[in-house]
Asks: 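Supplied in structure tokens, the structure appears directly below.
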Amino acid sequence: MTKKSKSQDGTKASDHPQITIFSGWCKSCGICVAFCPKEVLAMDENRKVFAKSPEKCIACHMCELRCPDFAINVKEVEKQSTLAEDKSDE
Amino acid sequence: MTKKSKSQDGTKASDHPQITIFSGWCKSCGICVAFCPKEVLAMDENRKVFAKSPEKCIACHMCELRCPDFAINVKEVEKQSTLAEDKSDE
Amino acid sequence: MISNSELVNKYFRHNKKFPHIWCPGCGIGIILGNMLRAIDALDMNKNEIAFVSGIGCTGRAPVYVDFNTLHTTHGRALPFATGLKLARPELKVLVATGDGDATAIGGNHLIHACRRNIDITTIIFNNYIYGMTGGQYSPTTPHSDKASTCKLGNIERPFNISQLVEAAGATFVGRTTSYHTLQLQSIIKKAIMHKGFSVVEVITHCPTTYGRINKKGTAVDMLKWQKEVAVDKSRADKMDPKELEGKIITGILMEKQLPEFCEQYDTIIEKAQSMKNNQQGKSK
Amino acid sequence: MISNSELVNKYFRHNKKFPHIWCPGCGIGIILGNMLRAIDALDMNKNEIAFVSGIGCTGRAPVYVDFNTLHTTHGRALPFATGLKLARPELKVLVATGDGDATAIGGNHLIHACRRNIDITTIIFNNYIYGMTGGQYSPTTPHSDKASTCKLGNIERPFNISQLVEAAGATFVGRTTSYHTLQLQSIIKKAIMHKGFSVVEVITHCPTTYGRINKKGTAVDMLKWQKEVAVDKSRADKMDPKELEGKIITGILMEKQLPEFCEQYDTIIEKAQSMKNNQQGKSK
Amino acid sequence: MSQTRTEIRLAGSGGQGLITAGIILAEAAILDNKNVVQSQSYGPEARGGASRAEIIIAEGSIFFPKATWVDIFLAMSQKACDQYSFDIKAEGTFIVDTTYVDQIPTSSAFAIPISSATREKFGKELFSNIVALGVICEICGVVSARALRAAVSNRVPDGTEKINLEAFAFGQKLAKEAIKNRTEVETESIEADT
Amino acid sequence: MSQTRTEIRLAGSGGQGLITAGIILAEAAILDNKNVVQSQSYGPEARGGASRAEIIIAEGSIFFPKATWVDIFLAMSQKACDQYSFDIKAEGTFIVDTTYVDQIPTSSAFAIPISSATREKFGKELFSNIVALGVICEICGVVSARALRAAVSNRVPDGTEKINLEAFAFGQKLAKEAIKNRTEVETESIEADT
Amino acid sequence: MNKKSSYQLIQGNEAAAEGALAAGVSFFAGYPITPSTEIAEILSDRLPANGGKFIQMEDEIGSIAAIIGASIGGRKVLTATSGPGFSLMQENLGFACLAEVPLVIVNVMRGGPSTGMPTSPSQGDVMQARWGTHGDHPIIVLSPGSVEEAFHYTVKAVNFAEKYRNPVIVLMDEIIGHMRARVSLPPTSMIERVNRVHPNMPPEWYLPYERSATGVAPMASFGDGYRHHVTGLVHDAKGFPTADPNEARNNIRGLFTKIERGFRELCLVDYEFMDDAEHAIIAYGGMVLSARSALEQLRKSGRKVGLIKLGTLWPFPRFALEQYLPQLKTILVPELNMGQIYREVLRVNAGKAVVEKLNRVNGTIITPNEIVKTVKGLIR
Amino acid sequence: MNKKSSYQLIQGNEAAAEGALAAGVSFFAGYPITPSTEIAEILSDRLPANGGKFIQMEDEIGSIAAIIGASIGGRKVLTATSGPGFSLMQENLGFACLAEVPLVIVNVMRGGPSTGMPTSPSQGDVMQARWGTHGDHPIIVLSPGSVEEAFHYTVKAVNFAEKYRNPVIVLMDEIIGHMRARVSLPPTSMIERVNRVHPNMPPEWYLPYERSATGVAPMASFGDGYRHHVTGLVHDAKGFPTADPNEARNNIRGLFTKIERGFRELCLVDYEFMDDAEHAIIAYGGMVLSARSALEQLRKSGRKVGLIKLGTLWPFPRFALEQYLPQLKTILVPELNMGQIYREVLRVNAGKAVVEKLNRVNGTIITPNEIVKTVKGLIR
Ligand SMILES: Cc1ncc(C[n+]2csc(CCOP(=O)(O)OP(=O)(O)O)c2C)c(N)n1
Ligand SMILES: Cc1ncc(C[n+]2csc(CCOP(=O)(O)OP(=O)(O)O)c2C)c(N)n1
Ligand code: SF4
Ligand code: SF4
Ligand code: SF4
Ligand code: SF4
Ligand code: SF4
Ligand code: SF4
Ligand SMILES: [Mg+2]
Ligand SMILES: [Mg+2]
């Protein structure tokens, strides 16, 4: 279990959502990566997902909703979610 | 097997169709009687069908077509059948 | 048209006992007779007709007639017929099946035969009841009607068979009644000539079970009812829905051309054989 | 909305081994997850949910989730569910079934459950193939597509599931894809709330069998295809048929209110009991 | 077989109500405090074709439930008469409804026009089976008239008890006449035989 | 069991092509004029989970078709390694693909990064199973390289023969290096043990 | 049902339906088939009047599926059918065996195979009742030998099903099913009703397939708070699919263990004139009637013949025969089939007595006289 | 199939498919199910290439119905399935028995009951193959003990089906079905093909169920001018339904007569080391492989043990055992079930030798060592 999106600098640290990937469950299908509207996610050379640009995450939850293996988790730090705004689902 | 419609007088004898009822097969359902457009057929007190007024028969064959037991037979003496004219089937 | 005597002589099995087993006034005999007249009008070869049925009063029809006849298990006439047809596509395959046989236990085979569009003509003798077993409700028994297993009234809604088979993919759907014998003949004729899977639903009467428990009167009364509720499609198309309530639309309800299953299979054989020949050519 | 971690904690069985058995990228997990989100949104009591399935990759869904779960035989989820629901009408009964399970071997039970309008929500995971047994064609495999038992192309035409269940009498029909997860949630929610038999067809992908043999690319590619072909009903209603060719209309396709089976049965019980009391009153 | 065993067979065509008649007969036997079993022929053959009900009455236990050697036989159709009369005891009671049976295989039969008489009297043949019960009661006496009347009342549809009891009585009357006639006929035939 | 019996088990995860590798190995044995049977694990477990192919090669007849005491074991995933290594002979040959296996239960194993080396060399892991065959061929010699090459050509899709033979040769090369390294490692470990 | 006298005339099928109600059956799903249809017809009337439920399914596969579902929902359930329908039920019958779901199937046998002779008596399904579904499993099969027993055995069947969490077949023949007899049924208050054992631990601790000392695991109904998994796959004590050989073994062997533990209770056997018998007739179902008549005659003529009446066919009550083997010279097994229980008798007999069969497969029944003749011939 | 060498590596399921083609099967209808699916997949490819036909039906009921229909149309037909599908086929299997329609079902057994253990070996359907459908009927069941036999027995099955106008079951286990072995298949020209006897009299004289001296009636195909009636009702020689006891008797007994006449031919049995054997192992299917290995060890250690390998399970080859009973002290029957053929052995043994069973129902197979140990224990 790896948490990758903890930012290092103190100021805006908790501003962007926390993305967690349970690598033991992830089957490296690439769906989350492909459909993230903000290109937050990427696959490392061992085909494991990681949050390449966590700061771009808008907490649309599309990666969570489409992960077939319940292996990714996005937690907003601020309460608002942008779910309703996302149009990629229509 | 009884043939009932042979007319007795010589002149118009063969003018009207020949109606034959195979009483061994007839189950006395009354369908032929009920739907004969010319009221040619009737049921005797033993519930057996007979041609009461064979001379009225127009050889529409409705009795044949609707007899569930293949127990009635109508044979035109003249070749023309009035089948096409009958409207009771529509 | 062929007379009853000729019909009997030409198509009935001389070594079978008559009268047949059906009750007085039962519509099954009427439908059978008019099916035979349709066949006669088409001048078909008896050796090339296979007549297949399931179990039920309706299922007893084939035994009487002098075709290749196959009386299968309850609900399974269509898969038997499918195998037979695919094995010998030159046969004309007709299926006689009751409402229970076709849409209760046999419902799945019915929709799949429709979907495959295999060249079989299926006549559904819809008497709204399981006749043979003494009058239990069937998937076509009208709502609120009675039967021996729903003496307080049927709470299930009936299938609209024609709609169902159309949605399942049948390419010819006709409906008529046992009263409308000429229309019956004409629809069956067209259904047989249709290339593909054709369904003819015939509304008929079982005076012994459905008629008795629902106080529908005699066979004659039930035929009169058929006469009254039937509306020919050509007329119905011009009527508004209100008027059509409680009516049964008859005629050819749907007809279209789509590739037939056995013919399509022939293309597979061709493909497979040419691939095989190619491979043998290369002698890899 | 509930997060994945919360979902897993709240609804998954802690004593079941994860990751689950489905292949990488398989759509079944996506549908299962969004079904759970819909259930969560409706705030249902886990004790009152019965989740029933047949056999197939889809059929493996119930074992993972912490409801009353019943993994039946191939094609038979619906009659098991029917008995369970009628026996305990207070249960919310959900059925997960594959295209083969629901429309091949289980086709008859499907149309009869529709006809009865029993209050069960059926989710059909339509991946166009028999996934579990390694990729044979199913009744929904598109014409000309390949499968392990039709390597030269499928000659059968697929069922249009939504049309079929509507003709059979379903009172709620929805369709969406595993790509459209929000729509999926919303349709499942409405289906569960609908009183009567509801069918939700979810177009999904089996990259391992159907995808591979038909060269449809990865799970990602197949999801992209779903995105492209789907047209929401509201939009489709305004498009002309030409434009809609090759498209899949999604949304709630049909919804109507008709008396529900279990409720109707209660009226039978009332009738029967009042008759019995009357008789005992008369003490005949 | 117990000595007291009486085997009764009612045969006719489907729809004549002979199964019901058989059940009533059996229920009457119970009211008479006798042991009884009843069975019948089933199946599509019974539809239109010949139909048959068998009743076995005994004081003690009845093991084998089918007739093996029939004591009392009623035939209400020719077909049934032909088909089911092969195992009637020589000294058994043979009753035929002459409405439907022309050819009677024995000269010792009670020949009674049950159906036509019923039709004449009640306007329809519906009650012929109950009339037949009256006939059997009177001729054979294997169950009491009291019990039979009670059994008839119990079994028939509510509101039709009275007319059915009339039918029963009418049957008894027909039987009495037949017994009278038969005695005469028999005398005649004996004379002719000599 | 016949003395000449050699039992081989290839284990990994579904999709790695080990069943195909097993079949090729068995077909090669036939070309070498040996007797052979092959079997595998089936089922949804094989989907994603651990998968296994077994090949038994002998000079004479083979009765029992399953491995009972494995001579040659190849593990290409950790799960498979854990699950299927319990019945390897002590003196057996143990080969692991270090790309996917971290924890090796024996120190005498040939540890070769089969998949990652394949990926590096050919751009994808697709040929790992054929590379693995090359490895086995070189290390165990139970079937001839000639036969294996022929079997590979026969079984792979038309047009891919050449690249697959390259993969096979690459496997042989990897094995040679491993044999060399292992000898060194072993020497080391013996020293450390003292 | 006529309630006026303590004696009534009822049919075997009717007695089975009354037995079901008396035993507390509150759910029936079925599909009509001769000669069992009366059971469905009666229950379609009487169940709702008693708050129970009746549903006519689209076929027999759906029927058994529905009663399994209802049983899992906590009801006592029953269906009725005949050969063709019973054949169709086999797959799901296996499900109920493996998932240990209580249910009762009344199979009123008719002439087979296939559509066969739908209205004629037969005992052709005895082996099918034991072996009709694939895979190893035990089953309980009772065969009533009178109308009265049709009632009592149906009650017992329901009770056995509940107690053992196992399907029970009431294998009735058309003779019993369709005959009417004078019978006095006990009032419902006199009927022993057995209910399945429900779990009594907190839900988190419940293991749906952990057997108690009786060999049977407690069974929770869906909706009672004991959420669990039911599957037709081989499973562990939690109910989850397993491929572990030990768990698999426990699953399958456990099915047998519970029946073995109850063996004596499950075996309904009656003995008539067996004390001094040197010759035995072994009969069940309608053949008991012929055998009893024959016995009466044979004893009258001084033959030392007795009757072993099998009420339970499966598990086969081997002891019923074994205990008499030392005294028996000959055994006759009259059956309306080609000799099905005969095979079991042969197996248990193990070469000791002379075993003969008397068979009939033509739609008629074996008469007492035929049995008398055969026994006399055997004794010589 | 690789045609380059006379030896090839093929799978048991593939061998069965090749056997079907070699025997002239030209019609297959089926529904996929593990572990038999390969047979359908191979034939879906190879049949059309040979002018034959393959159809995937909506379920197993439809599958057997379709092959019956095709067989009546004159084709040699086959289907393949496993336990759950085989259970569903039972009703129509009975139809084929009664209507005497040649067909072959390959049942590749898996762990049961119900969904059971879909990919694990089992021999749980042996009794079901004999008794799964309702009513009395005989059946022919062959059990290949190697990949090569999967080919040859399938050929034999087709030939028996045609010759006896009877369904034949090839009861294969997953061990044989899924293993690959080095096999040399004979060229098609070397395969004996038996065809059903067609009528050779004028059509008006044809009676479809009038048995010839062999006990089998000639069979006309639909479309050949011999119009006749085929039904699942008990029928007379014309094929028409009958309720006449004599005709009914002739119908049912006739089914048995033809199989009895062919009994010796139908019984495929091999004997290994039986000449001087005092102890026998009786095995079939995949268990033959374990038994042979065990035998090798036992003989090496001087034990007088032999193997009776049953290729035919039904009709049960009783003589195979009977002829050795005088010399046998013990018999061991290892089976991947709870002891099904064991029951038959007990029956035939009739108390003579000591009969022991060795069973396994956990999804794994019995190893040679276990057999060795058990036999040694038995011999003491
Ligand atoms: C498997 C099976 N189940 C049930 C039956 C009993 N059965 C015979 S016919 C029939 C229904 C007949 O109804 P339908 O098909 O409408 O035909 P009808 O008699 O009304 O013409 C039933 C349930 C059977 N023969 N086989
Ligand atoms: C009676 C029976 N027949 C066949 C099978 C084999 N079988 C298991 S799943 C399946 C089809 C699965 O396809 P689908 O329902 O579409 O589910 P998917 O795996 O695609 O989710 C089949 C044929 C079975 N288990 N039982
Ligand atoms: S929540 Fe949305 S933006 Fe953030 S990683 Fe997931 S898909 Fe990308
Ligand atoms: S979608 Fe899920 S399983 Fe697929 S790569 Fe992303 S985290 Fe892994
Ligand atoms: S042919 Fe027409 S007119 Fe003549 S009797 Fe028949 S129905 Fe009447
Ligand atoms: S329709 Fe036929 S069966 Fe009916 S009364 Fe007329 S002739 Fe007789
Ligand atoms: S029961 Fe009904 S359907 Fe059957 S023959 Fe009689 S009237 Fe016709
Ligand atoms: S085989 Fe297909 S449907 Fe089954 S788990 Fe794999 S991807 Fe999903
Ligand atoms: Mg009907
Ligand atoms: Mg699918």
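Numbers restart at 1 for each chain; the letters A, B, ... are given by sequence-line order, proteins then strands. Atoms considered below: every heavy atom in the structure, side chains included; atoms not considered: hydrogens, waters and symmetry mates.
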Asks: Select one option (side chain, backbone, both, neither) describing which atoms of Phe261(C) are under 4.5 Å from chain H's heavy atoms.
Replies: side chain
Asks: Examine the side chains of Gln136(C) and Thr133(C) and answer whether a donor and an acceptor come within less than 3.5 Å of each other.
Replies: yes
Asks: Quick one: does NZ or CZ of Arg165(H) land under 6.0 Å from the six-membered ring centre of Phe160(H), within 45 degrees of the ring axis?
Replies: no
Asks: Side chain, backbone, both or neither: which part of Arg115(C) has an atom under 4.5 Å from a heavy atom of chain H?
Replies: neither
Asks: Taking Ala81(C), Ala272(C), Pro62(C), Ala50(C) one by one, which has the highest count of heavy-atom pairs under 4.5 Å against chain H?
Replies: Ala272(C)
Asks: Given a strict heavy-atom distance threshold of 4.5 Å, which part of Asn50(H) is in contact with chain C: side chain, backbone, both, or neither?
Replies: both
Asks: Verify the distance criterion only: is there a donor paired with an acceptor across the side chains of Glu247(H) and Thr242(H) at less than 3.5 Å?
Replies: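 A donor-acceptor contact under 3.5 Å links the two side chains.
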Asks: Under 4.5 Å from any heavy atom of chain H, what part of Phe67(C) do you find: side chain, backbone, both or neither?
Replies: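 Looking at Phe67(C), just its backbone touches chain H.
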Asks: Is it the side chain or the backbone of His229(H) that comes within 4.5 Å of chain C heavy atoms, both, or neither?
Replies: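 The answer is both parts of His229(H).
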Asks: Which one, Thr82(C), Leu84(C), Ile268(C), leads in non-hydrogen pairs under 4.5 Å with chain H?
Replies: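 The candidate making the most pairs under 4.5 Å is Leu84(C).
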Asks: If only side-chain N and O atoms count, and only distance matters, is there a donor-acceptor pair under 3.5 Å linking Ser3(C) with Glu6(C)?
Replies: yes
Asks: Please classify the contact between Lys85(C) and chain H as side chain, backbone, both or neither, with a heavy-atom cut-off of under 4.5 Å.
Replies: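 Interface part for Lys85(C): neither.
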Asks: Heavy-atom cut-off 4.5 Å, strictly under: side chain, backbone, both or neither for Leu91(C) against chain H?
Replies: side chain
Asks: With distance as the sole criterion, is a donor-acceptor pair present between the side chains of Arg227(H) and Asn47(C) under 3.5 Å?
Replies: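 Present: a donor and an acceptor within the cut-off.
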Asks: When you compare the side chains of His71(C) and Ser53(C), does any donor N or O come within less than 3.5 Å of an acceptor on the partner?
Replies: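 Not at all, the side chains of His71(C) and Ser53(C) share no donor-acceptor pair under 3.5 Å.
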Asks: Evaluate the side-chain proximity of Leu110(C) to Val165(C): yes if any heavy-atom separation is below 4.5 Å, no if none is.
Replies: yes
Asks: Examine whether an atom of Phe54(H) lies under 4.5 Å from a heavy atom of chain C, and if so say whether it belongs to the side chain, the backbone or both; otherwise answer neither.
Replies: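 It is both, since atoms from each part get that close.
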Asks: Output the option from Val77(H), Ile55(H), Ile72(H) having the highest count of non-hydrogen pairs under 4.5 Å with chain C.
Replies: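 Most pairs with chain C among the choices: Ile55(H).
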Asks: Would you call Arg46(H)-Glu18(H) a salt bridge at under 4.0 Å N-O?
Replies: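 Salt bridge: yes.
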Asks: Could you tell me which non-hydrogen atom of Gly19(H) sits nearest to which non-hydrogen atom of Thr154(H), and how far apart they are?
Replies: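 Taking Gly19(H) first and Thr154(H) second, the nearest heavy atoms are C-CG2, 4.1 Å.
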Asks: Phe222(H) versus chain C, heavy atoms under 4.5 Å apart: side chain, backbone, both or neither?
Replies: both
Asks: Let me know if Asn45(C) has heavy atoms under 4.5 Å from chain H in its side chain, its backbone, both or neither.
Replies: neither
Asks: Top residue by heavy-atom pair count (under 4.5 Å) with chain H, among His74(C), Lys271(C), Arg116(C)?
Replies: Arg116(C)
